[in-house]
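Comments concern the structure below.
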Protein chains: 2
Amino acid sequence: MTEKTVSGAEWSVLRIVWTLGSCTTREVIDTLQNESDWKDSTIKTLLKRLCDKEFLTTTKQGRQFTYQAVVNEQTAMNQTAVTMFSHFCAMKQGQTLIELIEQEKLSRSDLQKIEKLAHVRAMTAPEQVDCNCLPDGTCD
Amino acid sequence: MTEKTVSGAEWSVLRIVWTLGSCTTREVIDTLQNESDWKDSTIKTLLKRLCDKEFLTTTKQGRQFTYQAVVNEQTAMNQTAVTMFSHFCAMKQGQTLIELIEQEKLSRSDLQKIEKLAHVRAMTAPEQVDCNCLPDGTCD
DNA sequence: TAGTATAGTTTACATTTGTAAACTATACAA
DNA sequence: TTGTATAGTTTACAAATGTAAACTATACTA
């Protein structure tokens, strides 16, 4: 039951499928070649691997495939992000979030949600979060 | 000038070095074996690779190495996070941040900083952020 | 119907990563 | 001085990843 992961190149392909919705190999290739110089074969390989890993399913019409994403894009993004954070020192995660909020382009409504959420969570938040980098102890 | 990357296993080793500060191979091995079942050789290999990639430098005393991290932990975390976000649909990044703020254990003071920052940024934020998944267009 | 342009499949191959055994050199103990 | 426990180096090897050529099957054209 090894958790399948999406590689970097595969992620690019998935984004196209998520965005186009149900689409053919040809559509994926044409769209991707607009922003990369991957050969047709390369993209076909990536699509195949995503099917093998069950991130995509297909429907056939004649000899052609139509792909559908199995996972929802937002869900995949969130999971990827949470997983990445799980490899970070707990004590320093807040600062990384701050950096992201500073760096990323965000809509007013998302920022307002964030503001509200942070406000609410702050009311029951611990004074500090300990470093979990060592079995025992604290860093810094 | 290919950007060197830190693999998952290497990240675990780096965390130890960041936390212990200047430390010997033996200290890294003992610490890591407390939480994993990697063999000595495995850890030595990872340390070597991190030196090759110049994420660590060494000082020698006698035949022994002492390692120092070249990059700052917080900086590395932030960069990793920003890079990851750059592979995400711009329109949906806000929601991922919200998810992280919901999921992660955060200190009151970090949450307060986030609240304040979001408030300030909201004042000049765009009404919406467009999807950048396709060369041209919008998803959803 | 024969030919050709495609869609999909197979094979390929270098690099990175996870994982570690085997080997070499040396500091220190007896 | 010699042996032994370690520190470090070399070699190994499978799986994952990036990248793609070569091949096969088939739908449609002429």
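What you see is a predicted model; the values in this text were computed from it and never measured.
For the pair A/D40 CG and C/dA7 C1', the interatomic distance rounds to 10 Å; values are reported in whole Å. Regarding B/Q61, its CD atom lies at a distance of 13 Å from the P atom of C/dA27, rounded to whole Å. When the P atom of D/dA5 is taken as reference, atom CD of B/Q64 falls 17 Å away, rounded to whole Å. Between B/K60 atom NZ and D/dA7 atom P there is a gap of 13 Å when expressed in whole angstrom units. At whole-Å resolution of the value, CG in A/D52 and P in C/dT10 are 11 Å apart. B/I29 places its CD1 atom 15 Å from the P atom of C/dT19, with the value rounded to the nearest Å. Rounded to whole Å, the distance from CG on B/L50 to P on C/dT17 is 10 Å. Atom NZ of B/K48 is separated from atom C1' of C/dT17 by 15 Å (rounded to the nearest Å).
Side-chain heavy atoms closer than 4.5 Å link hydrophobic residues (I, L, V, M, F, W, Y) into clusters, and following such links, even through other members, never connects A/V129 to A/F88.
Enclosure of atom NZ in B/K116 is not indicated, since only 12 or fewer non-hydrogen atoms of other residues, nucleotides or ligands lie within 6.0 angstrom. Atom CG of B/D37 sits in a sparse spot, with 12 or fewer heavy atoms from other residues, nucleotides or ligands closer than 6.0 Å. More than 12 heavy atoms of other residues, nucleotides or ligands sit less than 6.0 Å from atom NZ of A/K53.
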* To do: Run the numbers on A/E104 and B/V82 for side chain to side chain contact (heavy atoms under 4.5 Å, CB included), then give the verdict.
  => CA-CA 8 Å; A/E104 303 306 317; B/V82 168; 4.0 Å; yes

* Residue pair B/C133, A/I16: steps toward the side chain to side chain contact (heavy atoms under 4.5 Å, CB included) verdict -> CA-CA 7 Å; B/C133 291; A/I16 301 298; 5.9 Å; no

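Within the 4.0 Å cut-off from OP1 or OP2 of C/dT6, not a single side-chain nitrogen or oxygen of A/R26 is found. A close approach under 4.0 Å does not occur between any side-chain nitrogen or oxygen of B/T24 and OP1 or OP2 of D/dA7.
B/C89 approaches B/C131 most closely through the heavy-atom pair SG-SG, 3.9 Å.
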Enumerate the protein-to-nucleotides 17-22 of chain D contacts in which both atoms are nitrogen or oxygen and the separation is below 3.5 Å.
unit_1 : atom_1 : unit_2 : atom_2 : d
D/dT17 : OP1    : A/T5   : OG1    : 3.4
D/dT17 : OP2    : A/K53  : NZ     : 2.8
D/dG18 : OP1    : A/G8   : N      : 3.4
D/dG18 : OP1    : A/A9   : N      : 3.2
D/dG18 : OP2    : A/S7   : OG     : 2.4
D/dG18 : N7     : A/R49  : NH1    : 3.0
D/dG18 : O6     : A/R49  : NH2    : 3.3
D/dT19 : OP2    : A/W38  : NE1    : 2.8
D/dT19 : O4     : A/R49  : NH2    : 3.1
D/dA20 : OP2    : A/T42  : OG1    : 3.3
D/dA20 : N7     : A/T45  : OG1    : 3.4
D/dA20 : N6     : A/T45  : OG1    : 2.7
D/dA21 : N7     : A/S41  : OG     : 2.8

Restricting both atoms to N or O, compile the protein contacts to nucleotides 23-28 of chain D shorter than 3.5 Å, with distance only.
unit_1 : atom_1 : unit_2 : atom_2 : d
D/dT26 : O2     : A/R63  : NH1    : 3.4

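A salt bridge links A/D52 to A/K48: at least one charged side-chain nitrogen sits closer than 4.0 Å to a carboxylate oxygen. A salt bridge does not link A/E54 with A/K4: every distance from a Lys NZ or Arg NE/NH1/NH2 to an Asp or Glu carboxylate oxygen is 4.0 Å or more.
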